[in-house]
Amino acid sequence: MAEIGQNIELCKSLLSQNEVIGIPTETVYGLAGNALSQDAVLKIFEVKERPSFDPLICHIKSIDDLGQYAFTIPDLALKFADAFWPGPLTLILPKNKQIPDLVTSGLDTCGFRVPKHPLTLQLLNSFDFPLAAPSANPFGYISPTSAQHVQNQLGDKIPYILDGGECLVGLESTIVGFNQEGRSIVYRLGGLSLDEIKKIDPEVLISINQSSNPVAPGQLKSHYSPQKPIILFDRISELEHHPLLRESFVISFSQDFEIGEKSLVLTSALSLNEAAKNLFAYLRLADEDKETSIIFAQRVPGQGLGLAINDRLKRATS
Ligand code: TXA
Ligand code: MG
């Protein structure tokens, strides 16, 4: 199994030798390798069993590094970066030759982000390369929000997991790209809410596909799924007569309905932030529970981070 700890020097040395390791971010844990090394990038795809057509995003230490790897940077992108980095926002920009084609699956654009986690920022500041890092889960499964989640699924394939505690946001970053006219486009809802995005670009376009999308391959339908069947509901009355209620695990938004065998409540204080932070961990608990054969999950209010939570819930059903 992987060693779990906070040894930044060791992480630095492993990454410099083209090893891949687990790293914490504020959104979810990443499976990180030197983005400028073909060997390291190949290892990431291998460990994650990720198809090579699904590009990786690059984590950089500050907005100042962007010029080193991006071919052009629209003014609007700089505004976004200024406002939200470090933070849960990935910007898709034309890349230059520094970033290997392997990282971007041959696309001429690359996703960049400055993560907001003190340990990972410390690590990024200790060397000169960006870290390519997808979420540290096997392809298609729920993203990890603790070092233990990473250990459980990838621990036998990687040497080290940098332990940064539980992720404070709990949802992957919001992905924003730019079209020819310079308009911004949201490709993936995530840890930065649309309301925040609209403060920078009130006319932002939204292109969130349900299935494979050539521009954002990450929006593949099969993403973020637990192994067990999951059914979404709004009102508890929808479940009352379900034949599998006895074997179910109910994940509800803010109210414990005391129905079914097992249940967890995402937030006790009607907080969408708290719900987002707990979502993936609770889905994992339900998925790993031996007596559970079906998961019932309640949709959350469709505002703020609730839009991204409901998006993940929907994807979890496919
Ligand atoms: O919060 C996050 O973004 C986490 C943490 C670790 O930073 N990372 C993450 O990576 O969620 P990943 O690989 O699981 O999801 C990134 C998504 C991928 O689904 C990929 O398809 C999309 O971003 N993506 C990457 N590069 C792209 C590009 N050039 N154009 C369009 N989509 C891109
Ligand atoms: Mg992922």
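Keep in mind that what you see is a predicted model, and the values were worked out from it rather than measured. In each ligand, atom 1 is the first atom listed, and ligand 1 is the first ligand listed.
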side-chain contact (heavy atoms from CB on, under 4.5 Å) test vs F253 passes for just one of V265, L272, D234, namely L272
What are the atoms of ligand 1, with element, lying closer than 4.0 Å to any heavy atom of E172? 1 (O), 11 (O)
Which of the atoms of ligand 1 are close to S135, meaning less than 4.0 Å from one of its heavy atoms? 8 (N), 9 (C), 10 (O), 12 (P), 14 (O)
Within 4.0 Å of some non-hydrogen atom of R188, the atoms of ligand 1 are 2 (C), 3 (O), 9 (C), 11 (O), 15 (O), 16 (C), 17 (C)
Can you tell me which portion of T104 lies within the under-4.0 Å heavy-atom range of ligand 1? Options are side chain, backbone, both, or neither. neither
Proximity of H242 and F296 rings by center, below 6.0 Å: yes
Near P134 (heavy-atom distance under 4.0 Å), the atoms of ligand 1 are 10 (O), 12 (P), 13 (O)
Answer yes or no for S135: is there an N/O/S atom below the 2.8 Å cut-off from the Mg ion (ligand 2)? yes
For R113 and ligand 1, does the shortest N/O to N/O distance drop below 3.5 Å? yes
Look only at the side chain of R312 and the backbone of L171, and say whether a donor-acceptor pair between them is shorter than 3.5 Å. no
Would you say the side-chain atoms of Y160 and N7 include a donor-acceptor pair closer than 3.5 Å? no
Any idea which atoms of ligand 1 are less than 4.0 Å away from a heavy-atom of I92? 27 (C), 28 (C), 29 (N), 30 (N), 31 (C), 32 (N), 33 (C)
Is T109 close to ligand 1, meaning an N/O of one under 3.5 Å from an N/O of the other? yes
Would R50 count as a contact residue for ligand 1, given that I'm defining contact as a non-hydrogen atom of the residue lying under 4.0 Å from a ligand atom? yes
Is P138 close to L154 at the side-chain level, that is, under 4.5 Å between some pair of heavy atoms? yes
Which pair of heavy atoms, one from L131 and one from A35, lies closest together, and at what distance? C-CB, 4.2 Å
If you count heavy atoms of other groups shown closer than 6.0 angstrom to CD of E166, is the number above 12? no
Contacting atoms of ligand 1, where contact means under 4.0 angstrom from a heavy atom of D54: 18 (C), 19 (O), 20 (C), 21 (O)
Step through the shown structure and confirm whether more than 12 heavy atoms of other residues, nucleotides or ligands are within 6.0 Å of CD on E240. yes
Quick check on contacts: which atoms of ligand 1 are under 4.0 angstrom from a heavy atom of L107? 28 (C), 29 (N), 30 (N)
What atoms in ligand 1 come closer than 4.0 Å to a heavy atom of H59? 5 (C), 6 (C), 7 (O)
Considering all heavy atoms, the nearest G164-L119 contact: CA-CD1, 4.0 Å
Looking only at distances, please establish whether an N/O atom of ligand 1 is found under 3.5 Å from an N/O atom of T25. no
Region of T27 engaging ligand 1 - heavy atom pairs below 4.0 Å: side chain
